[in-house]
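Reading through the structure tokens given below for one structure.
These numbers come from the heavy atoms of this one structure, side chains and all, not from hydrogens, waters or symmetry mates. Fair warning: this is a prediction, and the values are worked out from it, not measured in the lab. Heads up: numbering here begins at 1 and tracks the sequence.
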Amino acid sequence: VSDRIGLVVFGGEPLMACPPTLDYDALLTFLEDVSTGMTQSRGTAVGDGLAAAAAHLNDSAAKSRVVLLLTDGSNNAGLVDPLTAARAAKALGIKVYTIGTAKRGRSVVPVDHPVLGRQLVTIDDDLDEESLIKVADETGGRYYRATSAQELSEIYGDIDKLEKSAVDRPETVAYTDHYRLLLWPAALLLAAELLLGQTLLVRLP
């Protein structure tokens, strides 16, 4: 038994990168292919991303349906605001854990310049923690703040302990053929019958 996990990425609009699956190797492959700009849209549509994730979980029969909403910015694009998306998720019985991944205060990020190449640009902390807290509270989830990869790993471990949903894997049956053990004796008996059938002993009444 394991958890089905899917992946939705979002920029200015959401994109289903991997549907819910038990094939974790495939999921990791899709995750490795995630890159900035892959949705080909500008902005951060937090609400649309959450709504898309909830929609893909709507048909799931799992007892525990959970969305982990990970963002380093605030909702500034899309058609659905985060709280409205949270209320829709709650109506579907989906719990949302929100994770803000940005250093507090100003930080430096690498940006590719068309002429100067990769440059370090200073940006302000744009994370809307208040909105993320409301989304988590609305659905019975919890808000986390991760300022390092280590903290993010610990957060995932904490959520994993809180949320478990058993899914029966397809039954795998392995067969072992034992016919070879009887094949040679049967062949010897057949050969003996043919041989004895040509003798006078067998021909006599």
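- Panel note: side chain S41, backbone G12; a donor-acceptor pair is recorded below 3.5 Å.
- Annotation: salt bridge (Lys or Arg N to Asp or Glu O under 4.0 Å) contacts of E130 (sequence neighbours excluded): K134.
- Nearest heavy-atom pair, A77 versus R42, reported as atom, atom and distance to 0.1 Å: CB-O, 4.1 Å.
- With a 4.5 Å cut-off on side-chain heavy atoms, L127 and T71 count as touching.
- In this structure, CG on L92 lies 4.5 Å from CG on N58, to the nearest 0.5 angstrom.
- For N76, there are no side chain to side chain donor-acceptor pair (under 3.5 Å) partners, not counting sequence neighbours.
- Residues forming a side chain to side chain contact (heavy atoms under 4.5 Å, CB included) with L152 (at least two apart in sequence, or on another chain): L70, I99, T101, A146, Y156.
- A search for side chain to side chain contact (heavy atoms under 4.5 Å, CB included) contacts involving D158 returns R142, Y144, L162, not counting sequence neighbours.
- In the hydrophobic clustering, M16 connects to V8, either directly or through intervening members, whenever side-chain heavy atoms lie under 4.5 Å apart.
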Can you list, pair by pair, the side-chain donor-acceptor contacts under 3.5 Å of residues 43-56, counting residues two or more places apart and other chains?
| from | atom 1 | to | atom 2 | distance (Å) |
| --- | --- | --- | --- | --- |
| D48 | OD1 | L79 | N | 3.1 |
| D48 | OD1 | V80 | N | 2.8 |
| D48 | OD2 | L79 | N | 3.0 |

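- Grouped by direct or indirect side-chain proximity (heavy atoms under 4.5 Å, Ile/Leu/Val/Met/Phe/Trp/Tyr only), L83 sits alone.
- In terms of the side chain to side chain donor-acceptor pair (under 3.5 Å) criterion, residue partners of Q150 (sequence neighbours excluded) are, by chain and number, E154.
- Under the rule for a side chain to side chain donor-acceptor pair (under 3.5 Å), S131 has no partner lying at least two apart in sequence or in another chain.
- Checked by atom type and distance alone, the side chain of T139 pairs as donor or acceptor with a backbone atom of V96 at under 3.5 Å.
- Take V9 and apply the side chain to side chain contact (heavy atoms under 4.5 Å, CB included) test, not counting sequence neighbours, and it matches L7, L15, A17, V34, M38, T39.
- Residues that satisfy the side chain to side chain donor-acceptor pair (under 3.5 Å) test with K95, not counting sequence neighbours, are E163.
- Counting only residues at least two apart or on different chains, the side-chain hydrogen bond (donor to acceptor under 3.5 Å, both in side chains) pairs with a member in residues 84-94 are D81-T84.
- Of all heavy-atom pairs between Y24 and D3, the closest is OH-O, 2.5 Å.
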